[in-house]
Amino acid sequence: MSKEKLVLIGNGMAGVRTLEELLTLAPERYEITVFGAEPYGNYNRILLSPVLAGEKTINDIILNDEQWYRDNQITLYTGKKVVEVNRARRQVIAEDGTVAPYDRLLLATGSNPFIIPVPGNDLPGVVSFRDIHDVNAMLAASQHYRRAVVIGGGLLGLEAANGLLKQGMEVIVVHLLDTLMERQLDKPAAALLKLSLEQRGLKFLMGAQTAAIIGEDRVRGVRFKDGSEVAADLVVMAVGIRPNADLAKKIGLHCERGVIVNDTMQTYDPRVYAVGECVQHRGMSYGLVAPLFEQAKVCANHLAGFGYSRYQGSVTSTKLKVTGIDLFSAGNYIGGEGCEDIVYKDPGHGVYKKLVLKDNKIEGAVLYGDTVDGAWYFQLMRDGTDVSDIRAGLLFGQAHLGDSGHGGQNAVAMMADSAEICGCNGVCKGTIVKAITEKGLFTLDDVRAHTKASASCGSCTGLVEQLLANTVGDYSASSKEKSMCGCTDHSHEKVRKVISEQHLTSIRAVMDFCEWRSADGCAKCRPALNYYLIAAWPNEVRDDYQSRFINERAHANIQKDGTYSVVPRIWGGVTTPAELRAIAEVADKYKVPTVKITGGQRIDLLGVKKEDLPRMWGDLNKAGFVSGHAYGKSLRTVKTCVGSEWCRFGTQDSTGLGIKIEKMTWGSWTPHKFKIAVSGCPRNCAEATIKDYGVVCVDSGYELHVGGNGGIKVRVTDLLCKVTTEEEVMEYCGAFMQVYREEAQYLERTAPWIERVGLSYVKQRVVEDAAGRKELYRRFLESQQQAQVDPWAERAEHGVDRHEFVPLKQVAK
Amino acid sequence: MSSAATVLTMDDWLEVGRLDDIPRLGARVVRTLYGDVAVFRAGDDHVFALDDRCPHKGGPLSQGIVFDHKVACPLHNWCIELNSGCAVAPDEGLARSYPVKVEDGVVYLQLAGARAAH
Ligand code: SRM
Ligand SMILES: Cc1cc2nc3c(=O)[nH]c(=O)nc-3n(C[C@H](O)[C@H](O)[C@H](O)COP(=O)(O)OP(=O)(O)OC[C@H]3O[C@@H](n4cnc5c(N)ncnc54)[C@H](O)[C@@H]3O)c2cc1C
Ligand code: SF4
Ligand code: FES
């Protein structure tokens, strides 16, 4: 069978990105032909600004050179504008008469710069700012002439003006309104921006309406409506763009401002698809790359014949690419009816931050001078997170919370190439930048896959995102809902909902119902699904061991050399000479190389051979030990201090209470690990205020704290409430764990979970709604009946999963 | 333990056990003098054999999560193709693979031939 023919019109960012996605999905499906009006391969248009500013060269911004097209057997016609498409015969016809037949056609013709309709707008020396040709014209002009006027004080105009200034020209920016970048900035931020651009030497004419460009055989100046004039040797028009739907209109496709497409990026002609700035989707046209790349992904999915992906629109954010100026803007940054502003202003340091809230959710943000938290606010905005509980500290950002692993840095621009960004995998700034440029990476996921930076604990994610933005421009993800993994488009929440509403009780059933794309799922979704099923139907679901990570399958932690570590449960951290003797004997008998006291008040036996595990567990069981679940997404430790039994300050029996809590909660599976502590007085020696559930005993009762974390990102707990009896401590504990178990995403600890859903919500469920609390507690205890079986005893005595611990065969040769 | 010891010559198909002894979407280990070989059983009952050493830092692949015809290494989550032993791009590396076959529910492995071939 001969291949189908695909023709792409428009060799720009969106079109070629679609081809790249398509080539990974269905490399053999099409014979591909590309027409591009520009005489180049595919380049990164957004980096034209740094090229103009002399910070990069044209070579630096090429994304796919002509060799790439050859390697992928793509026929490329550069410098050939398509002027006609015969849809009946399915032929594309170029200006020079070249004809190409198609089975499917992809339109990606981008936009046209808007040229204001005034006399003289076609004089030599008047240019727009859209492509390499324009940049070359500006660079050439800057060699011979001195005075430039940029019409338009928006993003593009300011980047052009900054570039020309760097090239040594005297630059005046002419703007119709009285604030710069009015589509991204409010007045105070725009004023700061104007001030700092003026300090760099730019001049501004605000509120000036252009009436004519004057000159005879070349531009000589600009005249305004009030009759005044300024001299100019170069005029740059940067007043906006219009979707380029000329060709689409000419060939009779339904267009409004742009080419109309549906959620699969298909136009009204089912053989014709369209992506990029030329498109109008649900009434919106986008002029930023991130949404266009999402369109490209969806379009490729349909071109490849998979037919399951949908484009549902994007939320966008902007940054200005003028080196040394930090600016971030997203959403509704002006406010209005029913909105509230939170503002932080420090003009002395050139910092301005404004968040617009509506119904306790972030509607928009403008940040000037300090944009480190832009990505965080954008995330909160897209997730629709209720921020009322974190409102007081919101403007101070996430950065004030201690991140470990990258030396407290929060701005990468000034770091040396040798500076380590990712402390887990030892990846330096230079390595990341090199991978981004050489391998053509655009997204955080790409960088993680190629360099491993931020792929482990993730604490350096913000830095890697900044590096990406500095190197290839800003491609911040903008999809509205995150899918669980590549096997499905459904979010964690949706899947959980389906499991309980449809009463699904096996991984297979979930995958079938939700139309999973892969036969077996993957290492990311299967453990999550297994957990969701167990949490939803504890009495019915059979645990799927093959969907558990090895630690939970072998009930021990795998070590770097493939051996295992064994951590017996030591209730509340209290032990006896007999237990210690038993541990010592086991350590001797199995020649355990390392015995270590853990950070969780117990003892770790490290370096155990897998085959020895069941027998060793048997010996530990005989001495009364059960599994410590140090390996599980489950209850880990209940740390205690000595409390009123011994300590001269102790107010309650923290040790005894801790043991009771551990006896109640051990064995439970949770979305991520779960740690508890009980301190006997506010001196808090058990560090209860950095635990998932922490109890601080006081004379009048017990303070209950939740959502703490002592790991990658330190988070101090929030106070849930105060109670007076041990019974209440237990009940609130079980209820809190149960909401978390039923509602958090897999691998989401209580700290990020509480920040996402809000403390008020948790309080409402666990404190205010007394009947609801009792019901949660009941469900917790019910599921514990299935969970509190010592997995070690089952395997040591009853031969459960024997295959896990013995080789299939031993061969001597 | 030593009861299963067998002496082999080049190219022998070695019987290593029953297909049912390997969990579906799982793996078992065959111990040899040259190191462990991981024998995988995919969801569609295809069987594959690879050296039980991840090309990254030697992680035991037999302990990973199996999906489609791939395994995710338990140590740092590289994905390895079960039929070729190749790491899934962008990671690069190769775990040695061995011929395997299933006849009447019995799994046979060819150890020596593959060793010479590589
Ligand atoms: C053994 C131990 C270190 C020690 O020698 O003290 C340890 C060892 C590991 N920790 Fe830990 N953590 C240990 C106490 C802690 C503590 C301290 C504590 O619990 O009071 C913390 C900070 C408190 C906290 O969790 O908030 C801690 C924060 C982490 C984190 C970061 C979690 C986070 O949410 O930020 C990880 C990574 C993860 O879970 O994804 C981690 C992961 C690990 C893993 C499981 C890494 C891995 O995936 O292989 C290590 C397993 C080693 C092993 O095989 O035993 N370990 N780890 C401690 C076992 C305690 C126990 O008795 O069970
Ligand atoms: C200076 C500058 C800075 C920018 N900065 C940013 C930024 O920081 N962040 C961001 O997200 N976005 C930025 N953008 C916007 C971004 O570059 C565009 O959104 C993106 O390039 C649009 O992709 P596209 O494929 O739709 O159009 P284009 O990349 O413009 O590609 C369309 C191509 O089609 C060709 N074409 C048109 N008609 C025909 C025809 N009939 N026949 C053959 N070929 C044809 C055109 O010549 C062009 O090469 C910037 C843009 C510019 C100009
Ligand atoms: S024990 Fe914890 S801190 Fe230590 S190396 Fe392992 S994961 Fe890192
Ligand atoms: S050893 Fe396998 S991924 Fe690192």
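These figures come from a predicted structure and were not determined experimentally. Chain letters run A, B, ... following the sequence lines, proteins first, then strands; residues in each count from 1.
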- Message: Any heavy-atom pair between the side chains of A/Ile558 and B/Pro60 that's under 4.5 Å?
- Response: yes
- Query: Considering only heavy atoms, which portion of B/Val66 lies under 4.5 Å from any heavy atom of chain A: side chain, backbone, both, or neither?
  - Reply: backbone
- Message: When you measure from the side chain of B/Arg28 to the backbone of A/Lys809, do you find a donor-acceptor pair of N or O atoms at a distance under 3.5 Å?
- Response: no
- Item | A/Arg553 CZ: over 12 foreign heavy atoms closer than 6.0 Å | yes
- Item | Other residues, nucleotides, ligands: >12 heavy atoms within 6.0 Å of A/Gln559 CD | yes
- Message: Can you confirm whether more than 12 heavy atoms, excluding those of B/Lys57, are under 6.0 Å from its NZ atom?
- Response: no
- Task: Determine the minimum heavy-atom distance between B/Asp68 and A/Gly521, stating which atoms define it.
- Result: OD2-O, 4.3 Å
- Starting at SG of A/Cys487, measure out to CZ of B/Phe67 and round the result to the nearest 0.5 Å. 7.5 Å
- Would you indicate whether A/Lys610, at its atom NZ, is surrounded by more than 12 heavy atoms from other residues, nucleotides or ligands within a distance under 6.0 Å? yes
- Is it the backbone or the side chain of A/Arg548 that comes under 4.5 Å from a heavy atom of chain B, or both, or neither? backbone
- Task: Heavy-atom distances under 4.5 Å only: say whether A/Lys452 touches chain B with side chain, backbone, both or neither.
- Result: side chain
- Could you tell me which non-hydrogen atom of B/Gly26 sits nearest to which non-hydrogen atom of A/Gln546, and how far apart they are? CA-NE2, 3.3 Å
- In terms of heavy-atom pairs under 4.5 Å with chain A, which of B/Ala72, B/Gly17, B/Gly43, B/Pro23 leads? B/Pro23
- Message: Is B/Ile22 close to chain A through its backbone or its side chain, or both, or neither, when contacts mean heavy atoms under 4.5 Å?
- Response: side chain
- Ion pair check, A/Arg802 and B/Asp21, cut-off under 4.0 Å: no
- Provide the closest heavy-atom pair for A/Ile550 versus B/Pro74 in the form atom of the first, atom of the second, distance. CG2-CB, 3.6 Å
- What part of B/Asp91 is in contact with chain A, defined as an atom under 4.5 angstrom from a non-hydrogen atom: side chain, backbone, both or neither? side chain
- What one should report as the nearest heavy-atom pair of B/Asn77 and A/Ala523 is OD1-CB, 4.5 Å
- Under 4.5 Å from any heavy atom of chain A - which part of B/Leu25: both
- Do the side chains of B/Arg24 and A/Asp520 get nearer than 4.5 Å, heavy atoms only? no
